[in-house]
2 protein chains.
Amino acid sequence: MTDDAPSLAEETATRLRHDIIDGILPPGQRLAETRLAADLNVSRNTLREVFRLLTHEGLLRHEPNRGVFVATPSMATIVDIYRLRRLIEVPALAQAWPRHEAVARMRQAVEQAARQQAEGDWRGVGSANMEFHAAIVALADSPRLDTFFGQIIAELRLAFGLLHSPERLHAPYVTRNADILARLDAGDAAGAARILSDYLDQSEREIMQAFARIA
Amino acid sequence: MTDDAPSLAEETATRLRHDIIDGILPPGQRLAETRLAADLNVSRNTLREVFRLLTHEGLLRHEPNRGVFVATPSMATIVDIYRLRRLIEVPALAQAWPRHEAVARMRQAVEQAARQQAEGDWRGVGSANMEFHAAIVALADSPRLDTFFGQIIAELRLAFGLLHSPERLHAPYVTRNADILARLDAGDAAGAARILSDYLDQSEREIMQAFARIA
DNA sequence: CGTCACAATATTGTTCAACAATTTACAAGT
DNA sequence: ACTTGTAAATTGTTGAACAATATTGTGACG
């Protein structure tokens, strides 16, 4: 069906989004329009539309007359993101209905993380962990919030990409996510929210430490 | 300084944003690229960049191959927006520090609303009310959240634009905002948050009723 | 060797014309 | 009134061009 077919600009945005999150286009890199348009086989005008999309998502930083750069997460980025996660994820989970359909997404993410950990696929574990947290936000039933949080997660993944030990960052949280889910299943949403809050504090501390080491 | 000068695309976006929020471009209206580009005296490519910006903000709705329309707020929009306001504004206020610099913004908005109410300028009262609520969100100290909420507010103003009695919607809240501020000043953030929560419930009810009357 | 000034080069922001693909509008036939 | 086909309009994209801006390179000077 043609009305489901993404436009070239949207396909290109998707492609660049992946290249950025996967570190192929590293933070700070300047994206020259002419060169990149040729590499991507699109026209400069199309690429400029794409830049608008990704800049708004926080993955690119636009400097007037000087070009567009892959965003470089700073400590302030991390502080803001974790502040937002506490402000949004924790109440969303505390007020959650245990039979909400997003709980199935949480469960799937927990299972996926366990599988990928067993295979040593830390990137995949990271993805599953982020999916778990997006599902927590989805408990709040707000499409606008889901979209907003998707962008926050993308920025956070960019920050993770700067660090060198994905195992250190993700491994402890696989079982913790399972604990959160078990609490929620047992009808103890407040208890689940407390575990989540602890997780956020600890995760933030570890990222901040890892950032301090590379700064 | 040239690096502070907004690009033509950004100026155009600002202009269209105002035209949408002010109802000059009413909800549902289709924006034909060729015509609008000529009207605005920009090229179609520039206008397409602008459309990307405003679509992402929720003010425009893009239908592939059919064009771009001014967004039409629905009941679902209102439900989502108020859900978000409760999720964000109420905790932001409950956890606020009474000496936070955003409190001065709240105060200024209360004074502005009173001035404009005395002049019968209900549009201005509405603007001041929304500024009051943006200042509440700013208490959370998150630039990402401020930006996100700015977009939510723009959508809400679009919804208000569909209704016919701005006085009914805004008048009761001028003094209530002053009450919220007084509570916060007195160090009773929790009490302020309770008043805010009541306001949100009532405001949502009134908008939903007004929507039901025009649907 | 470092700094400054200027010219050359590269790049961004924008415009315009063109074309293919898609949608819409209109006319004719049943 | 509905269907079909055609014409017209519009969107999505491309590429070339140009003005404005930024960057780079070179030469002169202290």
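Proteins come first, then strands; the chains are lettered A, B, ... in the order of their sequence lines, and each starts at number 1.
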[X] [atom1] - [N] [atom2] separation (whole Å):
{"X": "B:Asn41", "N": "C:dT14", "atom1": "CG", "atom2": "C1'", "answer": "12 Å"}
{"X": "B:Leu47", "N": "D:dT13", "atom1": "CG", "atom2": "P", "answer": "15 Å"}
{"X": "A:Leu8", "N": "D:dT13", "atom1": "CG", "atom2": "P", "answer": "5 Å"}
{"X": "A:Asn45", "N": "C:dT11", "atom1": "CG", "atom2": "P", "answer": "17 Å"}
{"X": "B:Glu49", "N": "D:dT13", "atom1": "CD", "atom2": "C1'", "answer": "14 Å"}

- Query: Does B:Glu11 have any salt bridge (charged side-chain N to carboxylate O under 4.0 Å, His left out) partners at least two apart in sequence or in another chain, and if so, which?
  - Reply: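 Testing B:Glu11 for salt bridge (charged side-chain N to carboxylate O under 4.0 Å, His left out), a comparison that skips the adjacent residues, returns none.
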- Query: Is the charged tip of A:Arg176 near the ring of A:Tyr199: under 6.0 Å from the six-membered ring centre and within 45° of its axis?
  - Reply: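 No, cation not above the ring by the 6.0 Å, 45° rule.
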- Item | Over-ring placement of B:Arg85 relative to B:Tyr82, 6.0 Å and 45° cut-offs |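 Judged by the rule (NZ or CZ under 6.0 Å from the ring centre, within 45° of its axis), B:Arg85 counts as positioned above B:Tyr82.
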- B:Arg157 vs B:Ser127, side chain to side chain donor-acceptor pair (under 3.5 Å): CA-CA, chis, key distance, verdict: CA-CA 9 Å; B:Arg157 299 199 65 175; B:Ser127 296; 2.8 Å; yes
Pair up each side-chain donor or acceptor in residues 91-100 of chain A with any protein partner under 3.5 Å, not counting sequence neighbours, and list the distances.
| unit_1 | atom_1 | unit_2 | atom_2 | d |
| --- | --- | --- | --- | --- |
| A:His100 | ND1 | A:Ala102 | N | 2.9 |
| A:His100 | NE2 | A:Asp141 | OD1 | 3.0 |
| A:His100 | NE2 | A:Asp141 | OD2 | 3.1 |

- Query: Is the distance between the ring centroids of B:His56 and B:Phe51 under 6.0 Å?
  - Reply: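 Here the rings of B:Phe51 and B:His56 have centres that are no less than 6.0 Å from each other.
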- Hey, is the side chain of B:Thr46 poking within less than 4.0 Å of OP1 or OP2 on C:dG13, counting only N and O atoms?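 It does not, given that no N or O in the side chain of B:Thr46 lies less than 4.0 Å from OP1 or OP2 of C:dG13.
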What's touching nucleotides 7-11 of chain D from the protein side, N or O pairs under 3.5 Å?
| unit_1 | atom_1 | unit_2 | atom_2 | d |
| --- | --- | --- | --- | --- |
| D:dT10 | O3' | B:Arg30 | NH2 | 2.9 |
| D:dT11 | OP1 | B:Arg30 | NH2 | 3.1 |
| D:dT11 | OP2 | B:Glu33 | N | 3.3 |

